[in-house]
Amino acid sequence: MHWLARTLMTRSRANTDGTPGVLAAEYYSQRASLELLITEGTQPSTDGQGYLDTPGIFTPERIAGWRRVTERVHCGAGHLFTQLMHVECTSHLENTPHHRQPIIPSAIEAGDPGTIYSGGAHGYTDHPALTRS
């Protein structure tokens with residue numbers, strides 16, 4: 001089967017600082033023949049991170065990491081589209097670099113039991129809703 005486009009699942013292959021590294025470049029380049037790859041969810045800021053070792057695209061280092069991934073995909077005749085993701089209520093403050101409360105638009109809880117962070121499995125952080133002020 002030949003794909004026209006394919007979205008890839010979060011594989012937690014970024015470096016611990018959120019920079020796409022060697023594993024990410026290899027993972028995406030192995031799939032470059034699919035023509036158009038849509039990346040795993042990529043954080044637009046530190047407040048958008050919810051899972052360990054997932055990539056962001058908001059610092060010069062992270063952008064350089066994605067450039068290396070993109071170059072590898074282009075070498076395989078593929079194209080890459082970045083899917084921005086903010087995890088909202090499925091986050092835990094232990095999974096963000098600043099350990100702050102996640103920012104979300106409402107206090108609606110996630111329906112599943114929790115997330116994984118460096119200390120193991122854990123329920124989600126309480127999420128206060130944003131308010132106007």
Side-chain angles (χ1 to χ4, degrees):
M1 178 176 210
H2 187 71
W3 295 78
L4 190 50
R6 182 171 183 182
T7 185
L8 301 175
M9 298 182 354
T10 298
R11 306 307 303 167
S12 297
R13 294 183 180 187
N15 298 330
T16 56
D17 67 353
T19 303
V22 174
L23 286 175
E26 181 179 351
Y27 176 72
Y28 285 97
S29 68
Q30 289 170 341
R31 290 151 179 82
S33 66
L34 299 173
E35 295 183 16
L36 174 62
L37 300 178
I38 302 169
T39 69
E40 64 193 288
T42 303
Q43 294 98 267
S45 72
T46 56
D47 291 315
Q49 184 172 353
Y51 312 109
L52 293 174
D53 304 331
T54 55
I57 193 164
F58 53 89
T59 65
E61 296 79 17
R62 289 174 176 89
I63 292 167
W66 278 116
R67 273 202 185 102
R68 288 188 292 274
V69 171
T70 302
E71 288 168 2
R72 293 275 308 271
V73 169
H74 287 174
C75 285
H79 301 279
L80 200 62
F81 181 88
T82 302
Q83 174 188 190
L84 296 179
M85 174 184 76
H86 188 293
V87 298
E88 298 180 354
C89 66
T90 59
S91 183
H92 191 279
L93 58 93
E94 292 294 327
N95 283 351
T96 62
H98 47 60
H99 302 292
R100 290 192 306 241
Q101 285 280 359
I103 296 175
I104 64 169
S106 68
I108 297 170
E109 293 184 18
D112 59 21
T115 189
I116 303 295
Y117 71 101
S118 60
H122 198 281
Y124 297 119
T125 304
D126 290 333
H127 300 92
L130 291 176
T131 58
R132 291 183 190 203
S133 54

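Along the sequence shown, residues are numbered consecutively beginning with 1.
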Original post:
Of the non-hydrogen atoms in P55 and A14, which two are nearest, and what is the gap between them?
Top reply: N-CB, 3.7 Å
Original post:
Going hydrophobic residue to hydrophobic residue with side-chain gaps under 4.5 angstrom, can you get from L84 over to W66?
Top reply: yes
Original post:
In Å and rounded to the nearest 0.5 Å, what is the CZ to CG distance from R62 to N15?
Top reply: 10.0 Å
Original post:
What's the spacing between E40 CD and Y28 OH if we round to 0.5 Å?
Top reply: 3.5 Å
**OP:** Give a yes-or-no answer on whether the side chains of Q43 and T54 include a donor-acceptor pair shorter than 3.5 Å.
**Re:** yes
**OP:** Kindly say whether Y27 contributes a backbone atom to a donor-acceptor pair with the side chain of R72 at under 3.5 angstrom?
**Re:** no
**OP:** Identify the heavy atoms of Q83 and I38 that sit nearest to each other, and give their distance.
**Re:** CB-CG2, 3.9 Å
Original post:
Does one hydrophobic cluster hold both L80 and F58, with members joined at side-chain heavy-atom distances below 4.5 Å?
Top reply: no
**OP:** For D17 and T19, indicate whether the former's side chain and the latter's backbone hold a donor-acceptor pair under 3.5 Å.
**Re:** yes
Subject >> Cluster overlap V69 with I63, hydrophobic side-chain contacts below 4.5 Å >> reply: yes
Subject >> Pairwise distance CZ(F81) to OG1(T39) - rounded to 0.5 angstrom >> reply: 8.5 Å
Original post:
More than 12 non-hydrogen atoms from neighbouring residues, nucleotides or ligands closer than 6.0 Å to NE2 on H79, yes or no?
Top reply: no
